[in-house]
Each structure stands twice: as structure tokens, then as C-alpha cells.
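Notes for the one structure printed next.
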Amino acid sequence: MTEEDLANFKKQFEGFDFSGNGPAPFVPSTQWQDVPDNVAVPPGGEYRVDIETGCRQARWDNPPGPETVIDRRTGKAQERPQTGNVASQQNQLGADGFSSIPNGDPPAEQKNISASKAPKIDIVLPSGPVSFSDTAAKIFPVLANRRRYFVRDRLLVEIAYKKLMKDKQLHDVFQLLEPDAFRIRIEDDFTCWVWREDHGKYIRKPSRCINDAARVLLKSDAAFQHLPAIRFLSAQPVYTSVQGNLVVLYRGYHDVHGGVYVSHGDKEHPIVLPELQTAIALILDVVKDYDFLSPSDKSRAIASFISPALRIGKFLDDADFPIDIAEANESQGGKTYRLKLVCAIYGETPYIIANREGGVGSLDESISSALVAGVPFILFENFRGRMNSQLVETCLRGTGTAPARIPHKGEVQVSTTHINWQLSSNGLA
């Protein structure tokens, strides 16, 4: 560090106590320098460990201001210390800037208020006297309140918006909460610490959740006890009956019917239900350009626009629903278009499956992907030949659940009572 650099640094910290009565603030620099254990430095720099001393070191091409450095002892940005006060605080925390206690229970966790983020909660990861169960019992009640992580059919999931699926379309889906992702997610809400034993004392050190710990935490009883249950996703508000009252479920999580999450539609813009005759005219207008072979065909087509609302709203409980088949005697007759119109009314994009036979990418594998994702509409497009799938039969006439295979994880049971099945064809065998 040059004399000019030193002069500039002192100018930035005019009024700070450099007398030795209190710890000097850490100032980001273009030069390599030791990083004290009691500070958290801002991102964007280069970092290394001095092999000889074991000290952390850092430097920045464009050094940020000293106010971006967080004092771990207070959880706040560095302040201009007053002589005596800082020394007293340091004595309480220990010479290394971390609280330490003899072998035994760690102290109570405290709030960590970041200078630039919402307050985080201190959490001690499994280490020393802290078990996996102890950590899980503190993490998952907090995550449960976020309404971002859920339990679905004994699977821990989060909601992924506009995810590109195997049908090459974007869907709002359930996504398995993997250990690698969980390691990042907990850092959004918690500041992680571990206990390290040193000469008969437990010293609390900052840390990150490792993959093995994340995997065990995700299998803990606390995860399944505290995270809310969820059964299906809906892109638009859901009209349903709750305790005998007709209600509209708007955006957010609702603890009804096994758990419902609505991704669009706010209470501030309530849905205005049309008069009955107006509603009938709107539905008839959708199919006015179709040439149906018989009045009964037209009736079934009209019913296909209503039945998803009955299924999603649980007005018929978990009754079996047939496949909505659109068949035409000529190509380009608008059969698939009608099915997509049904989905569009509910703000959904159908998960499209093409007919394949056996092997990787088979029909049942595609169905399994759709089941695990939790999409409400599954469309077999331009299906030809024989529909020979025991999995489809189980979904349509089973017990409300069906086996689905997850790559590298084996088979799981998932709910099927929310799915609307569709099929377009020029002729089934």
C-alpha cells in the first residue's frame, strides 16, 4: 500500500478512532489485505487465504465504500466507533469477535439486520451440540410462513413460474426442492453459523449449509410437519365452496381442498360474475363456427368448457372425469384449437404429449413428467392408433393417485384429482 493510498484512506475515515483504544474499521482496497473475522465484506472482489498465517484476504478492482462492510457483532454497517465503547463491546464478545461458551448449549439466536436487505434470522447449522432435528425445528416454521415451499404427496416442492418443460412450453409447475437449491434458499432468510470446538470451548463461526446437511434437513420430520400441504396450482382465481359458502380464491395460498395456490388475480380487482343468460351466450359464441355432427356432440363440447371449473372448484368432490376427446373426419378441422380454447379460458397452457411407443421418451414417461409438475391440463395432441396406457387408465378410474417415475429418484404417488385430460385425433383404433 502506497503512502498516497494510506493518506486517502485516512481522509475517508476522518474522525475514526485509530488510537488503538478501539478496532480500526476495515476499508476495501485495491491492495490485498487481511479481512478481520468480525466483518462481512461486500461482493465483487477477489478472495484468498494466506497459507502461512491462515488469514482471509481480499482486494477489489473498484473498491466499494467502507459503509458496505458489515460488522458481524452488530449485524449492521460499520460505524465510527467511540473510544471505550468498542473496547467494552469487544470484551463481551471475545478477542476474536465471536461469542464463546464452555461445552454446552449455544446462546439464543438473534436477529441479524443487514444494511441492504430485510432482516435475517441467525440459525446454527448442525454442529457441536446442535442436532439436525434442532436446526430443522427452527428453519421450517419460518419457511412455512413464506408460503413458497410446500408438501405435495410426501414430496417437498416449490413453485417454479414459467418453467420450460419437456413439451417445449412454459408452465407454472411444482418443482422438487433439491438440496443444492435448498442451500441457496435458506440464505434468503437466515444467516448461517456453526459451532467449532477449540480447547474445550464452542466458538460460533459463520458458515454455509453443505450439501449433505441440506439433504438430511429436507428429510426431517419437521419439514413435513411445518410446511403447508398443497394439492394443485391454478393460474386464475378459483370459484369454490368453503364450509357451505361460495367464495372466490384469489392470488396466493389457500388452505382448502388439500391446499390450493392461485398465481394470478388479486382481490383488488374482483371478478364480476355475469348474468346467467349473458354467460350462456358467451359460451355458445365460442363454438358457433364449429359444424357438429349432432346436437349431443355440441352439448358435450359446451360441457367441456364448464367441467374444469367443477373439477378445480371441487363441486363434485373427487369424482372421475372422462377425457375430453376432439375428433374430426378431416385434418385442420379445429379440434386441437377447441381444446386450447378451453385451457385459455382458465388461463392455462396445456401440457402437450405426442404419441410415442416404449423406451426413453415413451408415452408413460411424458405422462409422469406432467403428473409430477402438477399441471391442470394434459393434452394428447393428434393422437393416432391405439391408446394403450395403464397409467392413463389408473389416472382416470383409479383412487385419486397414480404412480409417477422421477428420474434418478424412483417412483412416487401423486394426486390426479385436479387434472383435466384432453385428446385430439383424426381416428383412434
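Computed from a predicted structure; not experimentally measured.
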Notebook entry, point to check: Partners of Tyr253 by ring pair (Phe, Tyr, Trp, His ring centres under 6.0 Å), sequence neighbours excluded?
Noted result: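 In terms of ring pair (Phe, Tyr, Trp, His ring centres under 6.0 Å), with neighbours along the sequence ignored, Tyr253 is linked to Phe150.
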Notebook entry, point to check: Checking side chain to side chain contact (heavy atoms under 4.5 Å, CB included) for the pair Leu125/Val130: CA distance, chi angles, key distance, verdict?
Noted result: CA-CA 7 Å; Leu125 298 173; Val130 179; over 6 Å; no
Check: Are any side-chain N or O atoms of Gln422 and backbone N or O atoms of Pro350, one a donor and one an acceptor, separated by less than 3.5 Å?
Finding: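 Pair absent, no side-chain N/O of Gln422 close to backbone of Pro350.
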Item checked: Verdict with reasoning, Glu381 to Lys340, per side chain to side chain contact (heavy atoms under 4.5 Å, CB included) -> CA-CA 11 Å; Glu381 186 177 29; Lys340 290 184 177 180; 4.2 Å; yes
Note to self: Working note: Lys205 + Trp193, criterion side chain to side chain contact (heavy atoms under 4.5 Å, CB included); need CA distance, chi angles, decisive distance, verdict.
What the structure shows: CA-CA 5 Å; Lys205 298 283 188 178; Trp193 303 82; 5.6 Å; no
Checklist line | Test log, rule side chain to side chain contact (heavy atoms under 4.5 Å, CB included), inputs Glu393 and Leu396 | finding: CA-CA 5 Å; Glu393 184 176 355; Leu396 292 175; 6.0 Å; no
Going from [atom1] on [X] to [atom2] on [Y], what distance comes out if it is rounded to the nearest 0.5 angstrom?
| X | Y | atom1 | atom2 | result |
| --- | --- | --- | --- | --- |
| Ile353 | Lys166 | CD1 | NZ | 10.5 Å |
| His257 | Ile230 | NE2 | CD1 | 13.5 Å |
| Thr336 | Phe383 | OG1 | CZ | 13.0 Å |
| Arg148 | Leu227 | CZ | CG | 12.5 Å |
| Arg147 | His254 | CZ | NE2 | 11.0 Å |
| Leu363 | Ser368 | CG | OG | 9.5 Å |

Identify the heavy atoms of [X] and [Y] that sit nearest to each other, and give their distance.
| X | Y | result |
| --- | --- | --- |
| Ala213 | Phe132 | CA-CE2, 3.8 Å |
| Val375 | His418 | O-NE2, 3.7 Å |
| Trp32 | Gln57 | CZ3-O, 3.8 Å |
| Phe321 | Ala319 | CD1-O, 3.2 Å |
| Val372 | Ala404 | CG2-CB, 3.9 Å |
| Ser369 | Tyr351 | CB-OH, 3.6 Å |

Next item on the list: Kindly determine whether Glu187 and Lys120 satisfy salt bridge (charged side-chain N to carboxylate O under 4.0 Å, His left out), including the steps that lead there.
Entry: CA-CA 9 Å; Glu187 292 183 357; Lys120 294 185 180 182; over 6 Å; no
Note to self: Could you go through Arg185 and Glu158, starting from their C-alpha distance and side-chain angles, then the distance that decides it, and tell me whether this counts as salt bridge (charged side-chain N to carboxylate O under 4.0 Å, His left out)?
What the structure shows: CA-CA 11 Å; Arg185 303 292 187 267; Glu158 58 183 335; 3.0 Å; yes
Checklist line | From Phe224, Phe182, Tyr149, Phe190, residue fulfilling ring pair (Phe, Tyr, Trp, His ring centres under 6.0 Å) relative to Phe140 | finding: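 For Phe140, the ring pair (Phe, Tyr, Trp, His ring centres under 6.0 Å) check succeeds only for Phe182.
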Side-chain heavy-atom pair [X], [Y] within 4.5 angstrom cut-off:
| X | Y | answer |
| --- | --- | --- |
| Thr240 | Leu249 | yes |
| Pro308 | Val342 | yes |
| Leu143 | Asp189 | yes |
| Val247 | Ser241 | no |
| Phe26 | Val35 | yes |
| Pro28 | Val69 | yes |
| Lys335 | Asn382 | yes |
| Val412 | Leu155 | yes |

Check: Within a radius of less than 6.0 Å around CZ of Phe315, do more than 12 heavy atoms belonging to other residues, nucleotides or ligands occur?
Finding: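 Counting neighbours around CZ of Phe315, more than 12 heavy atoms of other residues, nucleotides or ligands fall under 6.0 Å, so yes.
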Margin query: For Gln390, is the CD atom crowded, meaning more than 12 foreign heavy atoms sit under 6.0 Å from it?
Written below: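 Open.
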Note to self: List the residues meeting side-chain hydrogen bond (donor to acceptor under 3.5 Å, both in side chains) with Ser389, not counting sequence neighbours, and say none if there are none.
What the structure shows: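 Per chain and number, Ser389 pairs via side-chain hydrogen bond (donor to acceptor under 3.5 Å, both in side chains) with Asp364.
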Check: How far apart are the C-alpha atoms of Lys163 and Asp172, what are their side-chain angles, what is the distance that settles it, and do they pass the salt bridge (charged side-chain N to carboxylate O under 4.0 Å, His left out) test?
Finding: CA-CA 6 Å; Lys163 181 179 180 180; Asp172 294 345; over 6 Å; no
Notebook entry, point to check: With sequence neighbours left out, which residue pairs that include part of residues 220-234 fulfil the side-chain hydrogen bond (donor to acceptor under 3.5 Å, both in side chains) condition?
Noted result: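 Counting only pairs at least two positions apart or across chains, the side-chain hydrogen bond (donor to acceptor under 3.5 Å, both in side chains) contacts touching residues 220-234 are Arg231-Asp318, Arg231-Thr417.
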Notebook entry, point to check: Honestly, is Arg196 close enough over Tyr202, meaning NZ or CZ under 6.0 Å from the six-membered ring centre and within 45° of the axis?
Noted result: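 No, Arg196 does not sit over the ring of Tyr202.
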Next item on the list: Verify the distance criterion only: is there a donor paired with an acceptor across the side chains of Asp167 and Gln169 at less than 3.5 Å?
Entry: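 Note: Asp167 and Gln169 side chains meet the donor-acceptor criterion.
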Next item on the list: Show your reasoning for whether salt bridge (charged side-chain N to carboxylate O under 4.0 Å, His left out) applies to Arg204 and Asp122.
Entry: CA-CA 11 Å; Arg204 197 173 73 162; Asp122 281 5; 3.6 Å; yes
Item checked: Qualifying residue for side chain to side chain contact (heavy atoms under 4.5 Å, CB included) with Trp421, from Ile325, Ile367, Asp324 ->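 Of all the options given, the one that passes is Ile367.
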Notebook entry, point to check: Are the aromatic rings of Phe377 and Phe232 close, with centres under 6.0 Å apart?
Noted result: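 Ring-ring flag for Phe377/Phe232: false, centres at least 6.0 Å apart.
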